[in-house]
Amino acid sequence: MRAPEFSADLYREITEFAGGTPSWVHSAAEVGTDGGLLLFAALFVAGWWRARGRDARSMGLALAAPFAVVAAYLVSEVSKTFIEEERPCRAVAGAVHIAACPSPGDWSFPSNHSTIAAASAAAIVVAWRALAPLVLPLAALMAFSRVFVGVHYPHDVAAGFLVGVVVAPVVALVLVAVARRPVEALRGVAAGAVLLGAGPAAAPGVPGPVAGAVPRGVPVQAGAGAVRARGGPEAAVPVPADVTMPDVMGGLTRGQGPLP
């Protein structure tokens with residue numbers, strides 16, 4: 001595959017600008033283009049730890065994130081073998097590249113780095129939406145860095161980014177539908193609870209429903225085990241079997257005033 005001319009021209013402009021930046025910028029770009037992937041790995045671990053105290057779906061999404069990234073990478077890698085676009089650091093005459101040009105046969109389109117960065121960000125956003133302002137710009141910066149260091153065309157990283165943000169969320173949502181019940185089952189055993197956490201704890205100070213309670217406002221027939229009383233939505237008054245409804249009504253009227 002031959003690269004579009006507009007992309008080759010943009011590649012020349014970006015790499016010529018990159019070549020004129022200070023040496024410390026070159027070093028930072030070379031380290032950052034791979035180092036950002038380690039940050040995403042750390043966020044995957046943080047997401048798993050966070051999900052230990054949440055419901056089974058949250059834990060399922062945290063566990064599915066790395067698999068979603070692998071799926072997106074496979075789509076990108078298989079696409080490379082069919083498209084076979086040469087790297088710009090070899091194909092563009094007089095190309096300026098900061099990083100070493102990959103060996104022949106390591107094709108350019110789409111960018112695997114861009115795919116992995118975008119897929120990681122998308123999978124994290126699905127599981128932990130609050131991190132979107134952090135991970136999406138980070139993924140975009142990592143994708144751009146592949147052009148900046150001279151090993152990809154702009155359209156390579158754009159295509160890789162698109163593959164990542166489309167494939168990873170779809171795979172994550174499919175996997176969580178399958179993983180939800182196994183997570184619930186594993187949390188019921190000791191070893192699974194250590195790995196996956198016990199899930200959300202009941203809020204302290206919130207009582208459960210009263211056995212035999214009658215919801216407020218529901219009329220009660222004579223002889224039932226409870227009558228409507230003042231109080232919370234589940235308030236109930238037990239009534240002995242040998243007490244008649246008039247006796248109950250009279251007692252409530254004397255003790256609490258007339259019923260509303």
Can you name the closest pair of heavy atoms from Ala172 and Ala68 and give their distance? N-CB, 4.0 Å

Residues forming a side chain to side chain donor-acceptor pair (under 3.5 Å) with His155, sequence neighbours excluded: Ser7, Glu85

His152 backbone acceptor or donor facing His97 side chain under 3.5 Å: no

Where at least one partner belongs to residues 87-104, residue pairs that pass salt bridge (Lys or Arg N to Asp or Glu O under 4.0 Å), sequence neighbours excluded: Glu86-Arg90, Arg87-Asp106

What is the distance from atom OG of Ser79 to atom CD of Glu84, rounded to the nearest 0.5 Å? 12.5 Å

With a 4.5 Å limit on heavy-atom distance, are the side chains of Met59 and Arg187 in contact? yes

Tracing side-chain links under 4.5 Å among I, L, V, M, F, W and Y, which residues wind up in one group with Phe67? Val75, Val163, Val167, Val171, Leu175

For Arg181, all residues meeting side chain to side chain donor-acceptor pair (under 3.5 Å), sequence neighbours excluded: none

Does Arg12 have any side chain to side chain donor-acceptor pair (under 3.5 Å) partners at least two apart in sequence or in another chain, and if so, which? Asp9

Ala95: partners by side-chain contact (heavy atoms from CB on, under 4.5 Å), with sequence neighbours left out: Tyr11, Val92

Residues at least two apart in sequence or cross-chain that pass side-chain contact (heavy atoms from CB on, under 4.5 Å) with Phe17, listed by chain then number, are Thr21, Phe148

Find out if a path of hydrophobic residues (ILVMFWY) with successive side-chain heavy-atom gaps under 4.5 Å connects Val178 to Val176. no

Other members of the hydrophobic cluster containing Leu136, with the 4.5 Å side-chain heavy-atom rule, please. Leu37, Leu39, Phe40, Leu43, Phe44, Val69, Val70, Tyr73, Leu74, Ile116, Ile124, Val125, Trp128, Leu131, Leu134, Val135, Leu138, Met142

Does the side chain of Cys89 come within less than 4.5 Å of Pro102's, by heavy atoms? yes

Tightest non-hydrogen contact, residues Pro169 and Gly164, listed as CD-O, 3.8 Å

Side chain to side chain contact (heavy atoms under 4.5 Å, CB included) for Leu63 and Val183? Distances and angles first, verdict last. CA-CA 10 Å; Leu63 296 176; Val183 167; 4.3 Å; yes

Can you list the residues that meet the side chain to side chain donor-acceptor pair (under 3.5 Å) rule with Thr15, with sequence neighbours excluded? none

Tell me who clusters with Val78, hydrophobic residues only, linked when side chains sit under 4.5 Å apart either directly or through other members. Phe82

Suppose we screen for side-chain contact (heavy atoms from CB on, under 4.5 Å). Which residues come up paired with Ala159, at least two apart in sequence or across chains? Phe109, Pro110

Nearest heavy-atom pair of Pro133 and Ala130: which atoms, and what distance? CD-O, 3.3 Å

Same hydrophobic cluster for Phe144 and Val25, using side-chain heavy-atom links shorter than 4.5 Å among ILVMFWY? yes

What are the two closest heavy atoms between Val151 and Pro88, and how far apart are they? O-CD, 3.7 Å

Using modelled atom types only, decide if a donor and an acceptor are shared between the side chain of Ser76 and the backbone of Ala72 within a distance under 3.5 Å. no

Using the salt bridge (Lys or Arg N to Asp or Glu O under 4.0 Å) rule, collect all pairs that involve residues 51-80, keeping only residues at least two apart or in two chains. none

Looking at every non-hydrogen atom in both residues, tell me the closest pair between Ser111 and Ser114 and how far apart they are. OG-N, 3.1 Å

Would you kindly confirm whether Val157 and Phe161 end up in one hydrophobic cluster when ILVMFWY residues are joined by side chain heavy atoms under 4.5 Å apart? no

